[in-house]
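Some notes on the structure that comes next.
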Amino acid sequence: MKRLCIFCFYDRQGIVDESVEFLLNDLKPNADRLIIVVNGEIEKNSEQKLYKYTNEVVKRDNRGFDAGAYKHVIFDYLNPQVIKEYDELVLCNDTFFGPFVPFSRIFENMSDKDCDFWGINYVDWPFMGIIQSFFLVFRKKIILDNDFYKYWWENIDEYTDEIEDVYAQFETGLFIYLTNKKDRTFSVYSRENNCDIYISVGRCIRQYNIPLIKKKALKNIHNKDNIMDALQYLFSEGIYPIEIIINYADRVYGVKISEDEIRSYTVDNEKIKEKTYIDAEITTEEFKKKLDLSKGFYIYGTGIWARRRYWNLCRGNEKFKGFIVSDLKELKTDMLYGYKILQFDKLNI
(Lines give C-alpha, C1' and ligand atoms only; values in the text may rest on other atoms or scores of the structure.)
Protein backbone atom coordinates (compact mmCIF):
# COMPACT_ATOMS: atom_id res chain seq x y z
CA MET A 1 0.00 0.00 0.00
CA LYS A 2 1.51 3.29 -1.15
CA ARG A 3 -0.26 6.28 0.40
CA LEU A 4 0.00 9.99 -0.43
CA CYS A 5 -1.36 12.45 2.14
CA ILE A 6 -2.02 16.15 1.56
CA PHE A 7 -2.54 18.03 4.82
CA CYS A 8 -3.97 21.56 4.88
CA PHE A 9 -2.92 23.91 7.70
CA TYR A 10 -4.45 27.28 8.49
CA ASP A 11 -4.34 29.35 11.66
CA ARG A 12 -5.35 32.98 11.77
CA GLN A 13 -2.37 33.69 14.04
CA GLY A 14 -0.02 31.48 12.02
CA ILE A 15 0.63 29.22 15.01
CA VAL A 16 1.20 25.47 14.81
CA ASP A 17 -0.09 24.44 18.23
CA GLU A 18 -0.26 21.15 20.08
CA SER A 19 -3.49 20.09 18.37
CA VAL A 20 -1.79 20.19 14.96
CA GLU A 21 1.33 18.42 16.24
CA PHE A 22 -0.77 15.69 17.86
CA LEU A 23 -2.63 15.13 14.58
CA LEU A 24 0.54 15.11 12.45
CA ASN A 25 2.38 12.80 14.86
CA ASP A 26 -0.35 10.25 14.33
CA LEU A 27 -0.87 10.86 10.62
CA LYS A 28 2.77 10.78 9.47
CA PRO A 29 3.46 7.04 10.13
CA ASN A 30 0.49 6.20 7.90
CA ALA A 31 1.71 8.17 4.88
CA ASP A 32 4.46 7.18 2.46
CA ARG A 33 4.54 10.81 1.39
CA LEU A 34 3.19 13.72 3.41
CA ILE A 35 2.77 17.17 1.86
CA ILE A 36 1.73 20.01 4.17
CA VAL A 37 0.06 23.02 2.57
CA VAL A 38 0.03 26.28 4.54
CA ASN A 39 -2.76 28.69 3.69
CA GLY A 40 -1.71 32.24 4.63
CA GLU A 41 0.91 33.48 7.08
CA ILE A 42 2.83 31.24 9.48
CA GLU A 43 5.26 32.07 12.29
CA LYS A 44 8.89 31.08 11.68
CA ASN A 45 9.03 28.82 14.74
CA SER A 46 5.74 27.21 13.72
CA GLU A 47 6.99 26.61 10.18
CA GLN A 48 10.02 24.81 11.60
CA LYS A 49 7.70 22.55 13.58
CA LEU A 50 6.11 21.37 10.34
CA TYR A 51 9.50 20.31 8.96
CA LYS A 52 9.68 17.70 11.73
CA TYR A 53 7.01 15.78 9.85
CA THR A 54 8.01 16.34 6.22
CA ASN A 55 10.45 18.23 4.04
CA GLU A 56 7.57 19.17 1.74
CA VAL A 57 5.91 22.28 3.15
CA VAL A 58 4.08 24.33 0.51
CA LYS A 59 3.08 27.92 1.31
CA ARG A 60 0.38 29.77 -0.58
CA ASP A 61 -1.99 32.72 -0.18
CA ASN A 62 -5.00 32.14 2.04
CA ARG A 63 -7.47 31.61 -0.80
CA GLY A 64 -9.81 28.76 -1.59
CA PHE A 65 -9.74 27.25 1.92
CA ASP A 66 -8.74 23.56 2.14
CA ALA A 67 -10.16 22.74 -1.30
CA GLY A 68 -7.95 25.41 -2.87
CA ALA A 69 -4.91 24.03 -1.04
CA TYR A 70 -5.57 20.49 -2.28
CA LYS A 71 -6.12 21.67 -5.84
CA HIS A 72 -2.86 23.65 -5.75
CA VAL A 73 -0.90 20.53 -4.79
CA ILE A 74 -2.70 18.26 -7.26
CA PHE A 75 -2.03 20.49 -10.28
CA ASP A 76 0.73 22.98 -9.44
CA TYR A 77 3.02 21.27 -6.93
CA LEU A 78 2.52 17.73 -8.26
CA ASN A 79 0.42 16.63 -11.22
CA PRO A 80 -2.17 13.88 -11.76
CA GLN A 81 0.39 11.52 -13.28
CA VAL A 82 2.42 11.57 -10.06
CA ILE A 83 -0.67 10.99 -7.94
CA LYS A 84 -1.61 7.98 -10.11
CA GLU A 85 1.52 6.22 -8.81
CA TYR A 86 -0.11 5.89 -5.37
CA ASP A 87 -2.70 3.43 -4.09
CA GLU A 88 -4.46 5.93 -1.84
CA LEU A 89 -4.80 9.71 -1.74
CA VAL A 90 -5.62 11.19 1.67
CA LEU A 91 -6.95 14.74 2.06
CA CYS A 92 -6.93 15.97 5.66
CA ASN A 93 -7.25 19.40 7.29
CA ASP A 94 -6.60 20.71 10.79
CA THR A 95 -10.17 21.64 11.73
CA PHE A 96 -10.51 19.01 14.46
CA PHE A 97 -9.01 17.76 17.72
CA GLY A 98 -7.95 14.16 17.48
CA PRO A 99 -7.86 11.49 16.41
CA PHE A 100 -9.10 9.79 19.57
CA VAL A 101 -8.46 6.46 17.86
CA PRO A 102 -5.06 6.03 16.15
CA PHE A 103 -5.15 6.57 12.39
CA SER A 104 -3.40 3.20 12.02
CA ARG A 105 -6.44 1.52 13.54
CA ILE A 106 -8.81 3.56 11.39
CA PHE A 107 -6.94 2.64 8.20
CA GLU A 108 -6.80 -1.00 9.27
CA ASN A 109 -10.52 -1.03 9.98
CA MET A 110 -11.32 0.55 6.62
CA SER A 111 -8.99 -1.78 4.70
CA ASP A 112 -11.70 -4.45 4.94
CA LYS A 113 -14.34 -2.17 3.41
CA ASP A 114 -14.97 -2.73 -0.28
CA CYS A 115 -15.24 0.85 -1.56
CA ASP A 116 -13.59 3.38 -3.86
CA PHE A 117 -13.45 6.24 -1.38
CA TRP A 118 -14.23 6.80 2.29
CA GLY A 119 -14.25 9.31 5.11
CA ILE A 120 -14.67 9.55 8.86
CA ASN A 121 -18.30 10.64 9.01
CA TYR A 122 -21.31 10.53 6.70
CA VAL A 123 -24.23 12.87 7.36
CA ASP A 124 -27.21 10.67 6.62
CA TRP A 125 -29.62 13.24 5.17
CA PRO A 126 -32.37 11.96 2.87
CA PHE A 127 -31.73 15.12 0.87
CA MET A 128 -28.14 15.49 -0.38
CA GLY A 129 -26.33 13.38 2.23
CA ILE A 130 -22.54 13.80 2.26
CA ILE A 131 -19.26 12.55 3.67
CA GLN A 132 -17.83 15.46 5.66
CA SER A 133 -14.67 16.61 3.92
CA PHE A 134 -12.24 17.17 6.81
CA PHE A 135 -10.81 13.69 6.11
CA LEU A 136 -11.20 11.88 2.78
CA VAL A 137 -9.45 8.87 1.28
CA PHE A 138 -9.56 8.01 -2.43
CA ARG A 139 -8.48 4.59 -3.69
CA LYS A 140 -6.91 3.38 -6.91
CA LYS A 141 -10.00 3.31 -9.13
CA ILE A 142 -10.61 7.00 -8.49
CA ILE A 143 -6.94 7.96 -8.50
CA LEU A 144 -6.59 6.51 -12.02
CA ASP A 145 -9.79 8.14 -13.29
CA ASN A 146 -9.09 11.23 -15.40
CA ASP A 147 -12.64 12.47 -14.75
CA PHE A 148 -11.70 12.86 -11.07
CA TYR A 149 -9.07 15.43 -11.98
CA LYS A 150 -11.33 17.01 -14.57
CA TYR A 151 -13.90 17.70 -11.86
CA TRP A 152 -11.26 19.42 -9.71
CA TRP A 153 -9.97 21.48 -12.63
CA GLU A 154 -13.34 22.62 -13.94
CA ASN A 155 -15.44 22.95 -10.80
CA ILE A 156 -13.36 23.88 -7.76
CA ASP A 157 -12.39 27.53 -7.41
CA GLU A 158 -9.01 27.64 -5.66
CA TYR A 159 -9.22 31.44 -5.29
CA THR A 160 -12.65 31.83 -3.70
CA ASP A 161 -13.06 33.76 -0.47
CA GLU A 162 -16.56 32.35 0.07
CA ILE A 163 -16.73 29.28 2.31
CA GLU A 164 -20.17 28.59 0.82
CA ASP A 165 -18.46 27.82 -2.51
CA VAL A 166 -16.24 25.21 -0.84
CA TYR A 167 -19.25 23.41 0.65
CA ALA A 168 -21.05 23.52 -2.72
CA GLN A 169 -18.19 22.67 -5.08
CA PHE A 170 -15.94 20.48 -2.94
CA GLU A 171 -17.65 18.84 0.03
CA THR A 172 -21.06 18.30 -1.55
CA GLY A 173 -20.08 18.66 -5.19
CA LEU A 174 -17.29 16.11 -5.38
CA PHE A 175 -19.26 13.59 -3.31
CA ILE A 176 -22.36 13.85 -5.50
CA TYR A 177 -20.26 13.78 -8.67
CA LEU A 178 -18.54 10.55 -7.60
CA THR A 179 -21.69 8.81 -6.31
CA ASN A 180 -23.58 9.70 -9.49
CA LYS A 181 -21.10 7.46 -11.31
CA LYS A 182 -22.77 4.09 -10.78
CA ASP A 183 -19.54 2.15 -10.38
CA ARG A 184 -18.18 4.38 -7.57
CA THR A 185 -18.86 3.20 -4.01
CA PHE A 186 -18.11 4.81 -0.66
CA SER A 187 -17.90 3.88 3.00
CA VAL A 188 -17.36 5.59 6.36
CA TYR A 189 -15.60 4.85 9.63
CA SER A 190 -18.29 6.11 12.00
CA ARG A 191 -21.69 4.57 12.59
CA GLU A 192 -24.69 5.70 10.53
CA ASN A 193 -26.01 8.97 11.95
CA ASN A 194 -27.52 12.38 11.38
CA CYS A 195 -26.01 13.80 14.57
CA ASP A 196 -24.88 17.44 14.52
CA ILE A 197 -21.12 17.18 15.03
CA TYR A 198 -20.95 20.83 16.12
CA ILE A 199 -23.63 20.51 18.81
CA SER A 200 -23.95 16.94 20.14
CA VAL A 201 -20.21 16.68 20.68
CA GLY A 202 -20.10 13.94 23.32
CA ARG A 203 -22.79 11.83 21.69
CA CYS A 204 -20.91 11.87 18.39
CA ILE A 205 -17.86 10.40 20.14
CA ARG A 206 -19.55 7.82 22.38
CA GLN A 207 -22.60 6.80 20.41
CA TYR A 208 -21.47 7.10 16.80
CA ASN A 209 -17.77 6.35 17.04
CA ILE A 210 -16.65 9.71 15.60
CA PRO A 211 -13.04 9.96 16.88
CA LEU A 212 -12.70 13.73 16.99
CA ILE A 213 -14.15 17.09 18.00
CA LYS A 214 -14.56 19.83 15.43
CA LYS A 215 -12.74 22.92 16.71
CA LYS A 216 -15.55 25.29 15.79
CA ALA A 217 -17.81 23.49 18.27
CA LEU A 218 -15.99 25.41 21.00
CA LYS A 219 -17.22 28.75 19.65
CA ASN A 220 -20.80 28.17 20.77
CA ILE A 221 -20.94 29.43 24.35
CA HIS A 222 -24.60 28.39 24.56
CA ASN A 223 -23.55 24.78 23.98
CA LYS A 224 -21.51 24.46 27.19
CA ASP A 225 -23.19 21.31 28.52
CA ASN A 226 -22.47 19.39 25.31
CA ILE A 227 -18.86 20.58 25.29
CA MET A 228 -18.29 19.76 28.96
CA ASP A 229 -19.95 16.38 28.46
CA ALA A 230 -17.39 15.56 25.76
CA LEU A 231 -14.42 16.95 27.71
CA GLN A 232 -15.38 15.01 30.84
CA TYR A 233 -15.47 11.81 28.79
CA LEU A 234 -12.07 12.46 27.20
CA PHE A 235 -10.59 13.43 30.56
CA SER A 236 -11.96 10.48 32.53
CA GLU A 237 -10.95 7.94 29.88
CA GLY A 238 -7.53 9.51 29.24
CA ILE A 239 -8.24 9.43 25.52
CA TYR A 240 -6.76 12.81 24.53
CA PRO A 241 -4.63 15.44 26.31
CA ILE A 242 -7.34 17.78 27.56
CA GLU A 243 -4.94 20.72 27.97
CA ILE A 244 -4.59 20.86 24.18
CA ILE A 245 -8.28 21.71 23.87
CA ILE A 246 -8.19 24.10 26.85
CA ASN A 247 -5.25 26.04 25.39
CA TYR A 248 -6.76 26.25 21.91
CA ALA A 249 -10.16 27.40 23.17
CA ASP A 250 -8.50 30.23 25.10
CA ARG A 251 -6.09 31.32 22.34
CA VAL A 252 -8.45 31.20 19.36
CA TYR A 253 -11.93 31.81 20.80
CA GLY A 254 -11.24 33.42 24.17
CA VAL A 255 -13.20 30.61 25.85
CA LYS A 256 -11.91 29.94 29.35
CA ILE A 257 -12.07 26.33 30.55
CA SER A 258 -10.02 24.76 33.35
CA GLU A 259 -9.37 21.15 34.39
CA ASP A 260 -11.00 21.88 37.74
CA GLU A 261 -14.14 23.09 36.00
CA ILE A 262 -14.21 20.00 33.80
CA ARG A 263 -13.98 17.75 36.89
CA SER A 264 -16.63 19.60 38.90
CA TYR A 265 -19.11 20.63 36.19
CA THR A 266 -22.57 19.08 36.47
CA VAL A 267 -23.88 18.37 32.99
CA ASP A 268 -27.58 19.01 32.43
CA ASN A 269 -28.74 15.83 30.68
CA GLU A 270 -31.71 17.64 29.18
CA LYS A 271 -29.31 19.89 27.26
CA ILE A 272 -27.27 17.05 25.75
CA LYS A 273 -30.09 15.27 24.00
CA GLU A 274 -29.11 14.43 20.46
CA LYS A 275 -29.31 17.36 18.05
CA THR A 276 -29.69 16.28 14.45
CA TYR A 277 -29.07 18.21 11.28
CA ILE A 278 -32.08 19.56 9.40
CA ASP A 279 -34.56 16.77 8.65
CA ALA A 280 -35.56 17.27 5.02
CA GLU A 281 -39.14 16.56 4.01
CA ILE A 282 -38.08 15.57 0.51
CA THR A 283 -35.49 13.20 -0.90
CA THR A 284 -32.98 14.15 -3.57
CA GLU A 285 -34.82 12.08 -6.19
CA GLU A 286 -38.17 13.66 -5.32
CA PHE A 287 -36.60 17.10 -5.60
CA LYS A 288 -35.19 16.29 -9.04
CA LYS A 289 -38.64 15.15 -10.23
CA LYS A 290 -40.18 18.44 -9.10
CA LEU A 291 -37.55 20.34 -11.07
CA ASP A 292 -38.34 18.28 -14.18
CA LEU A 293 -42.04 19.12 -13.86
CA SER A 294 -41.43 22.81 -13.21
CA LYS A 295 -41.95 25.50 -15.86
CA GLY A 296 -39.31 27.59 -14.15
CA PHE A 297 -37.88 27.97 -10.65
CA TYR A 298 -35.76 30.19 -8.41
CA ILE A 299 -33.63 29.43 -5.36
CA TYR A 300 -34.39 31.52 -2.28
CA GLY A 301 -31.14 32.51 -0.57
CA THR A 302 -27.44 32.63 -1.48
CA GLY A 303 -25.86 30.82 1.49
CA ILE A 304 -24.48 27.32 1.96
CA TRP A 305 -27.72 25.43 1.32
CA ALA A 306 -28.67 27.57 -1.66
CA ARG A 307 -25.28 27.09 -3.31
CA ARG A 308 -25.26 23.37 -2.61
CA ARG A 309 -28.65 22.98 -4.26
CA TYR A 310 -27.70 25.08 -7.25
CA TRP A 311 -24.26 23.59 -7.85
CA ASN A 312 -25.31 19.98 -7.59
CA LEU A 313 -28.95 19.85 -8.66
CA CYS A 314 -29.82 22.99 -10.63
CA ARG A 315 -26.66 23.97 -12.50
CA GLY A 316 -27.14 23.64 -16.24
CA ASN A 317 -30.93 23.34 -15.91
CA GLU A 318 -32.48 25.74 -18.41
CA LYS A 319 -35.54 26.11 -16.18
CA PHE A 320 -33.48 27.74 -13.43
CA LYS A 321 -34.19 31.48 -13.35
CA GLY A 322 -31.92 32.83 -10.59
CA PHE A 323 -31.54 33.56 -6.89
CA ILE A 324 -33.94 35.53 -4.68
CA VAL A 325 -33.13 37.26 -1.37
CA SER A 326 -35.07 39.44 1.05
CA ASP A 327 -32.59 42.32 1.08
CA LEU A 328 -29.85 42.96 -1.48
CA LYS A 329 -28.16 45.48 0.84
CA GLU A 330 -26.86 42.65 3.02
CA LEU A 331 -24.91 41.09 0.11
CA LYS A 332 -21.47 41.93 -1.26
CA THR A 333 -22.64 41.54 -4.86
CA ASP A 334 -25.85 41.29 -6.89
CA MET A 335 -24.52 38.39 -9.02
CA LEU A 336 -23.98 34.71 -8.19
CA TYR A 337 -22.72 32.04 -10.60
CA GLY A 338 -23.58 34.31 -13.53
CA TYR A 339 -27.17 34.95 -12.41
CA LYS A 340 -28.47 38.29 -11.17
CA ILE A 341 -29.65 38.11 -7.55
CA LEU A 342 -33.18 39.45 -7.30
CA GLN A 343 -34.85 41.13 -4.34
CA PHE A 344 -38.11 39.41 -3.39
CA ASP A 345 -40.33 42.49 -3.09
CA LYS A 346 -39.23 43.73 -6.51
CA LEU A 347 -39.95 40.48 -8.33
CA ASN A 348 -43.21 39.62 -10.00
CA ILE A 349 -43.68 35.86 -10.04
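Throughout, numbering of the chain's residues begins at 1 and tracks the sequence. Computation of the quantities below employed the complete heavy-atom set of this structure, encompassing side-chain atoms and omitting hydrogens, waters and symmetry-equivalent molecules.
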Next on the checklist: Tell me which pairs pass ring pair (Phe, Tyr, Trp, His ring centres under 6.0 Å) where either residue lies in residues 196-223, with sequence neighbours left out.
Outcome noted: none
Tell me if the [atom1] atom of [X] is crowded by more than 12 foreign heavy atoms within 6.0 Å.
{"X": "E41", "atom1": "CD", "answer": "no"}
{"X": "K319", "atom1": "NZ", "answer": "yes"}
{"X": "D61", "atom1": "CG", "answer": "no"}
{"X": "K141", "atom1": "NZ", "answer": "yes"}
{"X": "N180", "atom1": "CG", "answer": "yes"}
{"X": "K271", "atom1": "NZ", "answer": "no"}
{"X": "E108", "atom1": "CD", "answer": "no"}
{"X": "K216", "atom1": "NZ", "answer": "no"}

Identify the heavy atoms of [X] and [Y] that sit nearest to each other, and give their distance.
{"X": "L78", "Y": "I35", "answer": "CD1-CD1, 3.6 Å"}
{"X": "I245", "Y": "Y240", "answer": "CG1-CE2, 3.7 Å"}
{"X": "K340", "Y": "M335", "answer": "CA-SD, 3.4 Å"}
{"X": "L89", "Y": "I143", "answer": "N-CD1, 3.5 Å"}
{"X": "M110", "Y": "R139", "answer": "O-NH2, 2.7 Å"}
{"X": "S200", "Y": "N226", "answer": "CA-OD1, 3.6 Å"}

Between [atom1] on residue [X] and [atom2] on residue [Y], distance to nearest 0.5 Å:
{"X": "E171", "Y": "I130", "atom1": "CD", "atom2": "CD1", "answer": "3.5 Å"}
{"X": "E286", "Y": "L291", "atom1": "CD", "atom2": "CG", "answer": "12.0 Å"}
{"X": "K332", "Y": "E162", "atom1": "NZ", "atom2": "CD", "answer": "4.5 Å"}
{"X": "F117", "Y": "L136", "atom1": "CZ", "atom2": "CG", "answer": "8.0 Å"}

Indicate if [X] and [Y] have the same hydrophobic cluster label, given that clusters are the connected sets of ILVMFWY residues with side-chain heavy-atom separations under 4.5 angstrom.
{"X": "W305", "Y": "I131", "answer": "yes"}
{"X": "F75", "Y": "L144", "answer": "no"}
{"X": "L178", "Y": "I6", "answer": "yes"}

Answer yes if the side chains of [X] and [Y] hold a donor-acceptor pair under 3.5 Å, and no otherwise.
{"X": "D165", "Y": "Y337", "result": "yes"}
{"X": "S326", "Y": "Y300", "result": "yes"}
{"X": "D260", "Y": "S258", "result": "no"}
{"X": "N155", "Y": "K71", "result": "no"}
{"X": "Y248", "Y": "E18", "result": "no"}

Item to check | F135 vs F103, ring-ring contact (aromatic ring centres under 6.0 Å, His included): CA-CA, chis, key distance, verdict | outcome: CA-CA 11 Å; F135 190 89; F103 277 127; 5.1 Å; yes
Between the main-chain N or O of [Y] and the side-chain N or O of [X], is there a donor-acceptor pair closer than 3.5 Å?
{"X": "D116", "Y": "I142", "answer": "no"}
{"X": "D161", "Y": "R63", "answer": "no"}
{"X": "E47", "Y": "I42", "answer": "no"}
{"X": "Y70", "Y": "C92", "answer": "yes"}
{"X": "R309", "Y": "C314", "answer": "no"}
{"X": "S190", "Y": "I120", "answer": "yes"}
{"X": "D124", "Y": "N193", "answer": "no"}
{"X": "K275", "Y": "D196", "answer": "no"}
{"X": "E85", "Y": "K2", "answer": "no"}
{"X": "K59", "Y": "G40", "answer": "no"}

Going by heavy atoms in the side chains, are [X] and [Y] under 4.5 Å from each other?
{"X": "K84", "Y": "Y149", "result": "yes"}
{"X": "F127", "Y": "T283", "result": "no"}
{"X": "I341", "Y": "L331", "result": "yes"}
{"X": "N146", "Y": "P80", "result": "no"}
{"X": "D94", "Y": "V16", "result": "no"}
{"X": "Y189", "Y": "V101", "result": "yes"}
{"X": "R308", "Y": "Y167", "result": "yes"}
{"X": "V123", "Y": "N194", "result": "yes"}

Item to check | Passing option when D229 is tested against K273, R206, R203 for salt bridge (charged side-chain N to carboxylate O under 4.0 Å, His left out) | outcome: R206
Option among [options] that satisfies the ring-ring contact (aromatic ring centres under 6.0 Å, His included) test with [X]:
{"X": "F170", "options": "F65, W311, W152", "result": "W152"}
{"X": "F323", "options": "F297, F344, Y310, Y298", "result": "Y310"}
{"X": "Y151", "options": "Y177, F175, F138", "result": "Y177"}

Ion pair present between [X] and [Y], side-chain N to carboxylate O less than 4.0 angstrom?
{"X": "D76", "Y": "R60", "value": "no"}
{"X": "R184", "Y": "D147", "value": "no"}
{"X": "E285", "Y": "K288", "value": "yes"}
{"X": "K256", "Y": "E261", "value": "no"}

Item to check | Pair Y339-F320, ring-ring contact (aromatic ring centres under 6.0 Å, His included): steps then yes or no | outcome: CA-CA 10 Å; Y339 292 88; F320 178 66; 4.8 Å; yes
Checklist entry - Is K215 close enough and on-axis enough to F97, meaning under 6.0 Å and within 45°, for cation-pi? => result yes
Item to check | Row check, F107 ring normal vs R3 NZ/CZ: under 6.0 Å, within 45° | outcome: yes
Checklist entry - For the side-chain contact (heavy atoms from CB on, under 4.5 Å) test, which of L212, I213, I197, I199 pairs with C204? => result I197
